[in-house]
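The shown structure was predicted, so the numbers you read here are calculated from the model rather than taken from an experiment. Start at 1 with the first residue, then count along the sequence.
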Amino acid sequence: MTETNSAMSGLLLTFLADVRLPVGAHTQSAGLEPALQAGMPAGAVDRFIRTRLETVTEVEAGTAVVARAVELSGGDLAAVESAWAARTPSRALRDNAHQLGRGQSRLLATLWPTERDHHDARYCRAIVLGVTAARAGLDAHDTARLVGYDDLQAVTSALLKLEPGDPVEVAALTRDLLSEVEAMADRVAGLTAPEQIPAHAAPQLELWTERHAHTTERLFRA
């Protein structure tokens, strides 16, 4: 990759990770609100994020990387969707991912439209992110970084609303966990086929999300 292309890729990554994009990111705490409501102390947020990056976020990132590869090859994204669903047992998580996928699909169809737009399909957010990465020109590593960083900042941004504190300390927490995002991206960047998507389980996170979906006393959707 030339220096110019590398700089452009960095700008695209920054653009796609911007929480101000109209894709519904403001409705998400990445599971933090359910965890705090279940009694997890705010001081355990760093461990919470590390656990996500090693489990559910790695599944999402692997799905996005494979979706990118399938989109570039003209393959069938339905097989990626089936593999992701088999690795996401929580119905609440799947429903939320599809709602976010609709918002991401609208952005994709507007900014990078093609004749392959899947107007009748309802893919999860990770798949639409992978397709977006393919059309925008992000490589596989940056696609995984995008998913990992988005999850990290969703938690830390929500932390400031749920347990208000010094924003500088939260920024330091985010910086300290960037290496964990990079390590996760390294693990999944080479994936190209649905059967290669990691199958990590996080039953406690899923249980908290299921309970959260049935409460009306909440600030975030998930």
- Are any non-hydrogen side-chain atoms of Glu182 and Asp186 less than 4.5 angstrom apart? yes
- Any donor and acceptor pair, going by atom type alone, linking the side chain of Arg68 with main-chain N or O of Leu138 inside 3.5 Å? yes
- Message: With heavy-atom distances below 4.5 Å as the criterion, would you say the side chains of Gln28 and Asn96 are in contact?
- Response: yes
- Message: Is there a continuous path of hydrophobic side-chain contacts, each under 4.5 Å between heavy atoms, that joins Leu107 to Val147?
- Response: yes
- Message: Less than 4.5 Å apart, side chain to side chain, heavy atoms only: is that true for Val56 and Leu205?
- Response: yes
- Task: Would you confirm whether Arg211, through its side chain, and Leu207, through its main-chain N or O, come within 3.5 Å as a donor-acceptor pair?
- Result: no
- N/O donor-acceptor pair under 3.5 Å between Glu180 side chain and Leu177 backbone: no
- Message: Working note: Arg47 + Glu54, criterion salt bridge (Lys or Arg N to Asp or Glu O under 4.0 Å); need CA distance, chi angles, decisive distance, verdict.
- Response: CA-CA 11 Å; Arg47 185 58 232 166; Glu54 293 169 355; 3.3 Å; yes
- Item | Test log, rule side-chain contact (heavy atoms from CB on, under 4.5 Å), inputs Ile127 and Thr63 | CA-CA 6 Å; Ile127 290 177; Thr63 300; 3.8 Å; yes
- Query: Rounded to the nearest 0.5 Å, how far does OG of Ser105 lie from CG of Leu100?
  - Reply: 10.5 Å
- Query: Same cluster or not: are Ile197 and Leu72 linked, directly or through other Ile, Leu, Val, Met, Phe, Trp or Tyr residues, by side-chain heavy atoms under 4.5 angstrom apart?
  - Reply: no
- Any sub-3.5 Å donor-acceptor pair from Thr55's side-chain atoms to His200's backbone N or O? no
- Is it possible for you to say whether Leu32 and Leu219 belong to one hydrophobic cluster, with membership spreading through side-chain heavy-atom contacts below 4.5 Å? yes
- Would a 4.5 Å heavy-atom cut-off, applied to side chains only, mark Val181 and Leu53 as touching? yes
- Residues Tyr149 and Ala17: closest non-hydrogen pair is CD2-CB, 3.9 Å
- Task: Go through the steps for Asp151 and Glu60 under the test side-chain contact (heavy atoms from CB on, under 4.5 Å), then give the verdict.
- Result: CA-CA 10 Å; Asp151 195 80; Glu60 294 290 305; over 6 Å; no
- Mind checking whether Glu163 and Val45 have side chains closer than 4.5 Å, heavy atoms only? no
- Message: So Glu33 and Leu36, do their side chains get closer than 4.5 Å, heavy atoms only?
- Response: no
- Heavy-atom side-chain proximity of Pro89 to Pro203 below 4.5 angstrom: no
- Message: Do Ile49 and Thr156 have side chains that approach each other closer than 4.5 Å (heavy atoms only, starting at C-beta)?
- Response: yes
- Exam field: side chain Glu210 to backbone Arg91, donor-acceptor pair closer than 3.5 Å: yes
